[in-house]
Every structure is written in C-alpha cells, then in structure tokens.
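Report on the structure given below.
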Amino acid sequence: MIVLGPILAITTFLALGPFAQGAQSNALRFILLADIIYVILVAGFVLAGVGRMIVARRQESAGSRLHLRLTVVFAVIALSPTILVAIFAMLTLNMGLEGWFSDRVRTVVGNSLSAAQAYKQESRDGLVQDADALVRFLQQQRQTQALLTDAELGQLLTQGQARIQRGLREAYVIDSQGGILVRGGGSYLFDYEAPDAAQLRRALAGETVVIEDWDNNEFRVLIKLDGFADHLVQLTRDVNGEILSLVDETQEAARVYNQLESQRGQRLFQFGLIYLGFAVILILAAIWMGMWFAERLARPVGRLAGAAQRVGAGDLDVRVIEEEGDDEIAMLGRYFNQMTTRLKGQRARLLENTEQIERRRRLFDSVLSSVTGGVIGLNPAGQVTFLNRAAEQLLEVQDENDQEHELSLVVPEFQPLLDEVTQGGRETAQSEIRLTRSGSQENLLVRIATRRNDEGGLEGYVIAFDDVTDLVSAQRMAAWGDVARRIAHEIKNPLTPIQLSAERIKRKFSRVDGVDVEALEQYTDVIVRQTNDLRRIVDEFSKFARMPEPERRATDIVRLVRDAVLLQQAGQEGVQITSELLEGPINVEIDATMIGQALTNLIKNAGEAIESLEEKGAPEGHSPEIRVVLARVAGGIEVTIADNGIGLPEDRARLFEPYVTTREKGTGLGLPIVKKIIEEHGGRLTLEDAPVFNEGGAHFGAMARIFLPSDDGQAEQVEMVET
C-alpha cells in the first residue's frame, strides 16, 4: 500500500499531463477510481491506527506515548513540506498567470486582433466600393443605351474593370441561377466559383454579398444590376491568404485568451484539486509509513520501558522479546535480558548474604537485648550509633530516627571516661558513675573499650555498664546491719547500769546535808533521759539489724489499710487524710503487724513532710492533705500514699539508706525499715512525685507506691469506695 501511493500519483500525473487523456477517457476514469479507492483504504488504515494508538494511550500501554509522539512527528514532517510547496506553487502559478493576463499582454492581443480585423475590413470595404462603382458605371451605360447587348455589356465590363485602381482579378455577370452571362477581362471559365443559392437570394434581394474564400485567397462580391433583368455582378479580388489566416488565428487566440482569463479562478481551483489529490495520496502513504515505522520503533522501546518498570519493582524474572537484526534496538533487548539474568543471580547471592547477616544480627540483638547490662556503640568520632534495650531503660533515652548524636548529649556523665580513653591513649577505662534520672540516682559501673579492625584501625568504642545501685545498697544495708548489731550489743548492755546508778545516786545523795538537791536531781534526770533516748535509738538499731521473719497469714488488706488511715486521722490534727479503698474483703498472705507498721510509718512521714513545708513556708492557699489509694494491679495489690508536703530531694534513692533523712529530728531509719519490710513480703517500694492536688496549682509533694503480690485470683473489676 505504501509503494502503491507514489505509483498512483505518477500514473495520474502522466494521464493528465503528457498522455493528455480526456475526461471521456476510460483509462483516466479507471486511474481516478483507483486513486479514490486507494485514498479511502489508506485513510481507513490511518484512522484505525490512530484509534488503536488512542486506546493504547488511555490504557497506558508500554510504548504508547512514544508511538503517539513519533506518529505526530512523522505526520508533521509529511505535512509541513507539502503545505509549504502547495503555498509556493499556488503563489508561483498565480504570479505566472498574472504575467500571462497582464495589461500589456491584453493590449498586444487586442491590437493584433484590431489590426487583423482592420485589414480584413479594409479588404471587404474596398471590394464593396469598387463593386458599387462598377455597377454604377454599368447602370449609367444602360441608361444611355436602351438596347445594350451582352457583347456590349462584356466590353463595358472589361472597360470598367480596367478603371478600378486596386485591380479586380475576375469580373462576371451572371443570372439568378449562377450561370455566366458575361465575362470580363482575365476572367476564365475554369476560375469561376459559382455562388450558392443563399448568396444568390441575398443578392437578388438587394444586399451586397461579400464571399470570403480562404482556400483560394480571394474575396468575391455579388451585387444585383438594376436596370437589367436577372443580371448579377460578381467581382473577385486576390487577398493575402496568410494575413487573412493570421486574422482568423488572431481572433481565435483572442477568443481563447479571453476564455482563459474568464476561467482563471477555475483553473487555479482545478490545479489545487489536482495537487490536493496528489498530496493526499502521498501524505496518507507517508503517514501510514510513519505509523508503521513508529510502531516498529516504539514497540520494542515500550516493551523495554515496561520491563524496566517491572525490574524497578523487583521482578527480575522479566524478559523482553529479542528483535531480529543487529541494530541498536535489537542489541538493547539482548543486553537487557543479559542484565536481568545477571541481576537475578547477584540478587540471589545478596539475599543469601543478607539472610546470613540478618541471622547474625538477630543473634547479636537477642544477646544484647537479653543481657541486663547496658551496651552503647560509638563510632570513631565518639557519636552514639547503638543502644541496647537495657541501655535505653537504664539511661531513659531512645532515638527512634536512628540518628547519630554526640555522647556528651546522650549521656554527658560518660564523656569524661571517653576522654580518658581517647586523649590518654588507653585502650580501656573503668569507673563507677552516679546518674540521676527522673529524680532517682543510680550507681553504674561503666567500662569503655576501644574497637579495632583486623588491620588495627580504629572502628569505634564500646561502652558496657551495669546498674550496681541495688548491690551498693545491699552492701550498705549489710554494713549498716552489722554496725547496728555491734552498736546494739555494745551500747545496750551498759545503759541499764548507768540508769540504775543515776537513780541510786539521786536517792542516796538527796538526803546528804550540804548537797544541792535541785541540781543533783536535774543532773540525774538528764542522765536518765539521755539513757532512755539511747535505749530508743538502740531499739531502732535492733529492729533494723534483726528484722524478724514475717509471719504470713491471710489478712484483709482493705481493713488493714483502713485501720492505719483511721489511726493517723485521729493522730494528725489539721491534716485531711482521705482514702480510696476497694470493696473488701481482699485477703493477702502478709504479716499484718509488719505491714501495718510500714503503712503507719509512711502516713506518718507524709504528715511530717507537710509539717516541714509549713515550717519552711507553705504557698498561699495551701491545704494540708494526704491521699491513700488501694487498687488492684496486674499480679497484686498497690497502695499509694501521696501528700502535698515538702516533696522529695533530687537524690531520692539515698532516702532508703540508713541515717539519711531530710528532717532535723529524724533518725533516718524509718524508710529503710519500711523498704525492708516490703521486700521481705516480695513486694517493692518506690518514691515518686505526687500529682498536684489543687486545680491550677503548681506545688506537688511526694508519693510512696507499695506493691504487694497477691495470688487470690480476684481479677474482676472492684468498685472503689471513697472515705
């Protein structure tokens, strides 16, 4: 179809041009019919191809965008020169026609026609004038001679013929039937051209009939002779046949010229139609060829684009159809298939290596997550790159974005130890460091080691640390317990003799004359009072040093807490003590005496914290209050005792150490004893900041949180009872 287009165009041109096939030619009709059928078929193919391209573009098929773009480019390339040539051809043809039909050419044609017509008219008019003169001469002679014979008429005709200056080649007198009656000089029978019947009738009617004989290069005139019965004069004069032929040709040329000028627009339109037909045939063939070539080019490129998209999505099993040939498109398909094959093999090896690395990483993370000690990884610049779970919990830090931060920003307390390693040229360093987090002080045993690669290059540092707070506390508690036992043993024994001796001195010397009895009693009372104070302190030491084993019995914890609250409500006047208790009874295996002592000490400490705040200066609008809450939690019972007193110090962890107190009158043994009692029952005691009691206020006190394990199996929601 593509090759047939130029062939039809050339055939149509030859039929219209060199071969000059007319409109009635069957060959031309067949060629034009073939052109129309070809245009319809190719236009249908083009429209079908455009429709397929639009559908593929809407479906976003592979290569559809490139196919459409190439087709548009080919169509523009085919249309642009055609349109430009059409415009140029029409302008050129119009300019050529303007030259043909200019005023100068029109004047020349008109002058030529006028000159030819003037010569012809002059020849006609001269012949008519001469014929009129000869006829008048003959008629005058007829008038002078009544009886004029044909012989005499012949002589007069020859005589009159000689008088004509422009010369007459032949002169005849004929009858109404065209027969010769008289011949003039030089007139021969064989040269005679008889007029036809129509010419004779016109002459007999009195008309001067001029006969133009182009074949014999002569003009003849036929005139009736008045005064003669049935006599007609026919005169013949030679004319230049070439000039007369030129006259006719000039007339015909002028007629054709005028006709062409009147049909100028029609000719331009016909030329445009012919050119448009040729252009449509060639353009459709070019567009169809462009679509075919674009499809052949876009199809493999589109397949490559779709396959590349699938490769980008991770599908390395994709393969493209390899085109035949050795051009770049075919080679690109082969290279693409080779690339995906190699990528698939490399990915398989990478996945295998990654799986091994992932197994090792999971093992490493499992080990680091399971250890109780904290581990921090540092890069060579001293930035934190890794923290295990224990480190995040101990340091209370977490980096969800996995960003690298300076150690001085994450754990500033570790920076001096890191500087000791980096600046001191040491490979390892170890120290015990105290950290305060959320108001709680922790003792950490920290060790920093340098991490190097196989070549000895620095890769970073590893910080390992353990929380030895409980160990240090246990060591201190053990030490204090040993000291308490020794003090109780060494001091308690002499206290009784001292007290008895002081009382005996008081009784004996108060009856002696000359003794200041009042001073004596004062001194002995001081000894007895101080001895009692020492005995109380020794008793506290004894309790701390020799805490008895709890005697566990099923005890209603609700009633126990309620009794402790009622006791303190009666003992602490001016302080509002409220409680939120569970609806009991709830039995827990505890030593009621020891837990009651612990609750009493904690509520009492809360009241003393409020008293300390008032001594220091309570804020305006402060209302002393203690809140006791008993609640069920997962695994046991929780009792919280909150106050709005002076609050907790920064180093609140040391409050559980013996002889550490914030009150001037305190012994520092209350909280350690309470903590020991709770721990003996398998529970735990923690100190926290209490919530703000007053709405809109900013002051918050302290809160003790006691957890006691319970196995009673009561898991249902229990109603809170406020008292």
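As a basis for the values below, the full set of heavy atoms in this structure was taken, side chains included, without hydrogen atoms, waters or symmetry mates. Quick caveat, the model's predicted, so the values are computed rather than measured.
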- Message: The test is side chain to side chain contact (heavy atoms under 4.5 Å, CB included); show your working for V221 and V209 and say whether it passes.
- Response: CA-CA 6 Å; V221 63; V209 179; over 6 Å; no

Holding to side chain to side chain donor-acceptor pair (under 3.5 Å), I want the full list of residues that pass it with [X], two or more places apart in sequence or in another chain.
X: R342; value: none
X: T208; value: none
X: T341; value: R319
X: Q383; value: N379, E406

Contacts of type salt bridge (charged side-chain N to carboxylate O under 4.0 Å, His left out), residue [X], not counting sequence neighbours:
X: D175; value: none
X: E459; value: R451
X: D454; value: none
X: E355; value: R359

- Message: Check this for me: does any side-chain nitrogen of one of E218 and R220 sit under 4.0 Å from a carboxylate oxygen of the other?
- Response: yes

Review item, side-chain donor-acceptor pairs of residues 346-353, under 3.5 Å, at least two apart:
from : atom 1 : to   : atom 2 : distance (Å)
R347 : NH1    : G314 : O      : 2.5
N353 : ND2    : R349 : O      : 3.3

- Message: List the residues meeting side chain to side chain contact (heavy atoms under 4.5 Å, CB included) with V182, not counting sequence neighbours, and say none if there are none.
- Response: D150, L153, L157, V173

- Task: Could you list the residues that satisfy side chain to side chain contact (heavy atoms under 4.5 Å, CB included) with A198, not counting sequence neighbours?
- Result: D196, R201

- Spacing of L181 atom CG and Q234 atom CD [to the nearest 0.5 Å]: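 Reported to 0.5 Å precision, the distance equals 12.0 Å.
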
- Flag side-chain contact, heavy atom, 4.5 Å: L204 against L232: yes

